[in-house]
Amino acid sequence: MTTSHSKRRFRLYAAAGLAVAAALGLGAYTYVQQRPSALFNALNPKTEIKIGGPFSLIDQNGDTVTDQTLLGKPTVMFFGFTHCPEVCPTTLYEMSLVLEKLGADAGRINTLFVSVDPERDTREALADYLGSFDTHIRALTGPLGEVQRMARAYRVYFRKVPMEGGDYSVDHTALVYLFDAKGRFVNPLNLKQEPEAAAAPIRQLLNPS
Ligand code: NI
């Protein structure tokens with residue numbers, strides 16, 4: 001976690017109930033900087049709150065990606081930005097390990113890194129950044145307004161934080177979402193475990209028993 005990322009952390013299982021969080025396979029901490037109650041509700045499978053909605057962005061190759069083009073495959077999605085000092089590169093690295101474990105099955109899912117810093121994260125910047133990670137990962141960018149609309153639909157918080165010297169960072173929700181092939185939210189993916197264990201819920205969606 002970066003300094004700006006970690007202003008407010010919540011012990012999710014303490015707040016939302018140990019059983020629910022354990023069932024969801026969350027790690028000890030999830031940080032959510034705003035509207036935690038909405039997110040807790042969203043993570044509680046018993047509530048009707050929906051995660052996801054219409055969006056239209058482009059990937060690092062310039063191809064349009066929408067909520068509709070994701071259908072037919074399970075989707076792993078998380079939000080971040082290439083200037084993120086720690087959380088995002090760690091998540092991308094951990095997800096790369098999971099994709100490696102999945103082998104050929106990695107091609108049967110969508111893995112998306114959605115930029116919450118489209119100003120700096122141009123298509124070219126994303127293409128360059130992804131060179132360090134598994135080739136199955138696609139990164140999305142587009143107009144800020146569209147990213148904001150998508151973030152609202154996915155209950156993702158992000159906010160620009162000015163830094164010394166005119167630079168800025170971006171606070172953002174760091175959950176990794178797993179959706180089924182019909183675009184329905186399944187649960188957060190816990191990457192803070194062995195890649196094989198982290199891959200299990202994805203395998204389950206690909207090969208329902
Ligand atoms: Ni980050």
Side-chain angles (χ1 to χ4, degrees), residues 1-6 25-33 51-52 55 57-63 65 70 73-142 147 150-151 154-161 168-179 185-203 205:
M1 306 281 174
T2 66
T3 322
S4 62
H5 276 77
S6 55
L26 288 178
Y29 288 103
T30 291
Y31 69 92
V32 178
Q33 289 108 328
I51 295 181
F55 70 88
L57 294 171
I58 56 161
D59 71 6
Q60 73 277 11
N61 300 316
D63 294 326
V65 177
L70 300 182
K73 291 178 177 180
T75 294
V76 173
M77 182 188 290
F78 46 100
F79 292 72
F81 64 115
T82 64
H83 286 66
C84 181
E86 193 185 336
V87 177
C88 295
T90 302
T91 303
L92 285 159
Y93 172 71
E94 290 164 345
M95 191 60 209
S96 294
L97 297 180
V98 169
L99 290 166
E100 195 181 319
K101 278 284 171 205
L102 286 172
D105 280 347
R108 297 174 62 203
I109 65 170
N110 303 300
T111 305
L112 299 178
F113 175 63
V114 184
S115 175
V116 291
D117 185 14
E119 239 176 282
R120 290 185 294 196
D121 289 343
T122 60
R123 179 181 85 65
E124 293 81 4
L126 292 172
D128 186 48
Y129 188 63
L130 288 181
S132 307
F133 304 103
D134 189 280
T135 54
H136 292 93
I137 300 174
R138 297 167 85 187
L140 303 189
T141 188
V147 171
M150 180 181 181
Y154 285 82
R155 295 170 193 286
V156 164
Y157 162 77
F158 70 96
R159 185 172 65 91
K160 232 174 171 176
V161 182
Y168 66 89
S169 184
V170 185
D171 274 359
H172 67 94
T173 305
L175 283 172
V176 180
Y177 291 131
L178 178 61
F179 298 91
F185 173 67
V186 178
N187 53 25
L189 202 59
N190 178 8
L191 297 178
K192 301 297 174 196
Q193 53 184 338
E194 290 300 312
E196 190 56 56
I202 299 171
R203 288 194 197 281
L205 285 179

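All values below come from the heavy atoms of this structure, side chains included, with hydrogens, waters and symmetry mates left out.
- When the side chain to side chain contact (heavy atoms under 4.5 Å, CB included) test is applied to P201, the partners found at least two apart in sequence or on another chain are L178, L189.
- Under the side chain to side chain contact (heavy atoms under 4.5 Å, CB included) criterion, V147 pairs with L57, P118, F158, sequence neighbours left out.
- A search for side chain to side chain donor-acceptor pair (under 3.5 Å) contacts involving T75 returns N110, not counting sequence neighbours.
- Between T82 and D128, every side-chain heavy-atom pair lies at or beyond the 4.5 Å cut-off.
- Qualifying salt bridge (Lys or Arg N to Asp or Glu O under 4.0 Å) partners for R203, counting only residues two or more places apart in sequence or in other chains: E196.
- The side-chain heavy atoms of L175 and F79, taken from C-beta on, include no pair separated by under 4.5 Å.
- Across all their heavy atoms, C88 and G80 have their closest contact at SG-CA, 3.4 Å.
- For the atom pair CG (L140) and CE (M77), the distance works out to 7.0 Å, reported to the nearest 0.5 Å.
- Looking at S169, its side chain never comes within 3.5 Å of a backbone N or O of V161 through a donor-acceptor pair.
- Considering only heavy atoms from C-beta on, M95 stays 4.5 Å or farther from L92 through its side chain.
- Sorted by first and then second residue, the ring pair (Phe, Tyr, Trp, His ring centres under 6.0 Å) pairs involving residues 100-126 (not counting sequence neighbours) are F78-F113.
- With sequence neighbours excluded, no residue satisfies salt bridge (Lys or Arg N to Asp or Glu O under 4.0 Å) with R123.
- Residue E194 qualifies as open at atom CD: its count of foreign heavy atoms under 6.0 Å is 12 or below.
- Under the ring pair (Phe, Tyr, Trp, His ring centres under 6.0 Å) criterion, F133 pairs with Y129, sequence neighbours left out.
- Side-chain atoms of T141 and D121 include no donor-acceptor pair closer than 3.5 Å.
- Shortest non-hydrogen contact noted between V87 and C84 is N-SG, 3.6 Å.
- The salt bridge (Lys or Arg N to Asp or Glu O under 4.0 Å) test applied to E119 returns K160, not counting sequence neighbours.
- Every salt bridge (Lys or Arg N to Asp or Glu O under 4.0 Å) that D117 has, sequence neighbours left out, goes to R120.
- For the atom pair H172 NE2 and S115 OG, the distance stands at 9.5 Å (nearest 0.5 Å).
- The minimum heavy-atom distance linking T173 with R155 is given by the pair OG1-O, 4.5 Å.
- Panel note: side chain K73, backbone G107; a donor-acceptor pair is recorded below 3.5 Å.
- Residues meeting the side chain to side chain contact (heavy atoms under 4.5 Å, CB included) test with T135, sequence neighbours left out: none.
- Residues V98 and P195 share a closest heavy-atom pair of CG2-O, 3.9 Å.
- Distance check, rounded to the nearest 0.5 Å: CG of D105 to CG of L205 gives 11.5 Å.
- Relative orientation of the F179 and F185 rings is perpendicular, given thresholds of 30° and 60° on the angle between their planes.
- Contacts of A106 classified as side chain to side chain contact (heavy atoms under 4.5 Å, CB included), with partners at least two apart in sequence or in another chain: L99, L102, H136.
- Residue pairs that meet the side-chain hydrogen bond (donor to acceptor under 3.5 Å, both in side chains) test with at least one member in residues 88-100, sequence neighbours left out, are E94-K192.
- Between the Y177 side chain and the Y154 main chain, a donor and an acceptor come within less than 3.5 Å of each other.
- Taking CG from N61 and CZ from R138, the interatomic distance works out to 7.5 Å, rounded to the nearest 0.5 Å.
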